[in-house]
A.B. asks: 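Attaching a single structure in structure tokens format; questions to follow.
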Amino acid sequence: THPKQIHIAVIGAGGVGSCFLSQLAWLAKNQQSARLSLCYLATIDGALYNRDYADIDIETALPTLEAKGSALPSISDTIEYLAGAPHKVVLVDNTSSGAIAEAYPEFLKRGISIITPNKKAFSESFKLWRDIFRAAELGSSMVYHESSVGAGMPIISTLKELVQTGDEVTRIEGVFSGTMSFLFNQFSPKSGQAGKWSETVKKAKELGYTEPDPRDDLNGLDVARKLTIMGRLAGLPIESPTSFPVQNLIPGELQSCDTSEEFMSRLHEFDDHMEGQKLLAERSGKVLRYVGSIEMSTGNVKVGMEMFDHMHPIATLKGSDNIISFYTKRYGELPLTIRGAGAGGDVTAMGVTADLLKVLSQM
Ligand code: NHO
């Protein structure tokens, strides 16, 4: 006796996608506003769907796909299939695919709404950003990407609401990467002993806090992408995540290492440099953190290491937590600050599921 039926198509079922599927199964049972029917599930290895759009059982979808999925259709075939569905469709992109991100305007123009934690679409060229939001208008479709910054924490929705209610955002500052948070909280603690930089990176990798190749965290691009998204939402036409200064923590000499193993085995050669930076901070009673900031009056965006006083909220972070502060006219001297887990499958998937609820409430 649901008032309406909505088709859900899911691409990507890894760390975030598999958690999302569990949350979707829960949601399908526990909300009454629409009948949620999974009509498509794909990973890089194949896809599961019925030509007549019949429901796929959400709980068994992933093992079924793994056991008897068909070949992965092209993106344009996927768009044709979804555009032909009898009810409205929400595409959930849980991949980090640039090719899928580039196709968002096509999906949206065909009336398919999109929710995603994938940063690519919103942090590549400014043209793609504009094309996406124009396409959503043309296709009367919606696009939400809360988990592209700060996992499930309400960062994007908060920023949008500040802007849309007429507050003036003057500055955004924070620790936007769970990996960088962990590395610097360990390497430059407020008190107690810390290991060498290379040992800290090794430990973070062993604990699963870094990408499989830690260079993908240390180059700062993940943080630069998040800053690009935030800056654009605040009104700055940022061209790309490489159009502002980003401090790359991969030493120049190691940028050409062929493998991540070679990189890890040579990182200790550069421990002295990081130790020097840390001592510089310690001598003035401060700690070192890797932060991003956006200065709205000048349009300056930057990402890199900075020193913080022990009392500063950024210095008090624990584990792999993120912290993001919005300085605005209304909030005055004390910023609106959001802090909590910024990485991990379940909390990232929660942001995606919350976006789905927002889309459902407007369908
Ligand atoms: P996985 O585990 O690699 O899974 C990717 C899935 O996509 C796989 O099932 C793969 O088969 C499928 N896939 C890839 N390309 C495909 C294609 N062309 N067609 C079909 N299927 C394809 O990735 P995750 O970890 O589940 O991440 C998924 C997305 O969420 C990525 O865009 C990622 O950037 C984003 N995301 C993840 C996290 C996280 O914690 N894992 C976060 C945010 C967004 O808040 C998190 C964060 O920022 C962590 C960050 N490293 C930090 O702060 O330190």
Side-chain angles (χ1 to χ4, degrees), residues 9-22 40-49 61-62 65-66 69-79 91-104 114-124 145-156 174-185 201 204-205 207-227 229-230 241 290-292 303 317 319-324 340-352 355:
V10 178
I11 310 186
V16 175
S18 56
C19 291
F20 171 75
L21 284 171
S22 306
Y40 183 85
L41 176 65
T43 67
I44 198 76
D45 300 316
L48 187 67
Y49 57 102
L62 191 51
L65 165 62
E66 282 158 359
S70 47
L72 180 66
S74 68
I75 295 175
S76 55
D77 285 350
T78 308
I79 294 173
L91 171 73
V92 187
D93 173 19
N94 290 316
T95 73
S96 55
S97 161
I100 297 175
E102 269 171 36
Y104 284 3
I114 297 177
I115 59 177
T116 184
N118 184 350
K119 292 172 268 271
K120 297 263 167 73
F122 312 96
S123 59
E124 294 279 331
H145 53 101
E146 183 62 71
S147 289
S148 60
V149 179
M153 289 193 289
I155 304 295
I156 301 232
V175 172
F176 292 84
S177 154
T179 311
M180 290 293 198
S181 179
F182 180 83
L183 288 174
F184 282 87
N185 298 343
V201 176
K205 181 174 156 64
L207 289 171
Y209 283 119
T210 67
E211 293 293 320
D213 185 340
R215 286 178 293 183
D216 291 335
D217 296 297
L218 296 176
N219 64 15
L221 185 59
D222 178 71
V223 179
R225 285 190 183 282
K226 291 168 180 166
L227 268 283
I229 297 172
M230 305 288 286
Y290 192 86
V291 297
V303 172
L317 276 191
S320 60
D321 279 1
N322 284 188
I323 184 168
I324 288 114
D346 255 326
V347 292
T348 305
M350 177 218 146
V352 181
D355 279 348

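Just follow the structure's listing: the first ligand is 1, and inside any ligand the first atom is 1.
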A.B. asks: Can you name the atoms of ligand 1, numbered from 1 with element, that are less than 4.0 Å from a heavy atom of A151?
C.D. replies: 45 (O)
A.B. asks: Please confirm whether A13 approaches ligand 1 to less than 4.0 Å, judged on its heavy atoms.
C.D. replies: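 A13 counts as a contact of ligand 1 under the 4.0 Å cut-off.
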A.B. asks: Does A42 reach ligand 1 with a nitrogen or oxygen that is under 3.5 Å from one of the ligand's nitrogen or oxygen atoms?
C.D. replies: no
A.B. asks: Establish whether atom 23 (O) of ligand 1 and some protein heavy atom are separated by less than 4.0 angstrom.
C.D. replies: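 Protein heavy atoms within 4.0 Å of atom 23 (O) of ligand 1 - there are none.
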A.B. asks: Set out, in order, the CA-CA distance, both residues' side-chain angles and the distance that settles side-chain contact (heavy atoms from CB on, under 4.5 Å) for L65 and D45, then state yes or no.
C.D. replies: CA-CA 9 Å; L65 165 62; D45 300 316; over 6 Å; no
A.B. asks: Heavy atoms only: which of L183, T95, D45, N118 is nearest to atom 31 (C) of ligand 1?
C.D. replies: T95
A.B. asks: Would you call E211 and K205 a salt bridge, using N to O less than 4.0 angstrom?
C.D. replies: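 So E211 does not pair with K205 through a salt bridge.
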A.B. asks: Has ligand 1 got any nitrogen or oxygen that is less than 3.5 angstrom from a nitrogen or oxygen of G150?
C.D. replies: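 It does not: no N or O of G150 is found under 3.5 Å from an N or O of ligand 1.
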A.B. asks: Just to confirm, does any protein heavy atom lie below 4.0 Å from atom 3 (O) of ligand 1?
C.D. replies: no
A.B. asks: Tell me which part of S181 gets within contact of ligand 1: side chain, backbone, both or neither, using heavy atoms under 4.0 Å.
C.D. replies: neither
A.B. asks: Under 4.0 Å, heavy atoms only, figure out whether ligand 1 is touched by the backbone of K120, its side chain, both or neither.
C.D. replies: neither
A.B. asks: Just by distance, with hydrogens left out, do S181 and Y290 show a side-chain donor and acceptor under 3.5 Å apart?
C.D. replies: no
A.B. asks: Flag the pair L91 / Y40 as yes when at least one side-chain heavy-atom distance between them is below 4.5 Å, and no otherwise.
C.D. replies: no
A.B. asks: For ligand 1, indicate whether the residue T179 contacts it via side chain, backbone, both or neither (heavy-atom separation under 4.0 Å).
C.D. replies: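 The answer is both, backbone and side chain.
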A.B. asks: Looking only at side chains, do Y104 and D93 share a donor and an acceptor under 3.5 Å apart?
C.D. replies: yes
A.B. asks: Quick one: look up the protein heavy atom nearest atom 16 (C) of ligand 1 and list residue, atom name and how far away it is.
C.D. replies: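 Ranking protein heavy atoms by distance from atom 16 (C) of ligand 1, first comes I44 CD1, 3.5 Å.
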A.B. asks: In terms of atom number and element, which parts of ligand 1 are under 4.0 angstrom from non-hydrogen atoms of L72?
C.D. replies: 19 (N)
A.B. asks: Any idea which atoms of ligand 1 are less than 4.0 Å away from a heavy-atom of G14?
C.D. replies: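 Heavy-atom distances to G14 below 4.0 Å select 2 (O), 4 (O), 6 (C), 8 (C), 9 (O), 26 (O).
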A.B. asks: Please step through side-chain contact (heavy atoms from CB on, under 4.5 Å) for the pair T116 and F122, ending with a clear verdict.
C.D. replies: CA-CA 10 Å; T116 184; F122 312 96; 3.6 Å; yes
A.B. asks: Quick one: does G15 get an N or O within less than 3.5 Å of an N or O on ligand 1?
C.D. replies: yes
A.B. asks: Answer side chain, backbone, both or neither: which part of M180 comes under 4.0 Å from ligand 1, heavy atoms only.
C.D. replies: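 Under 4.0 Å from ligand 1, M180 contributes no heavy atoms.
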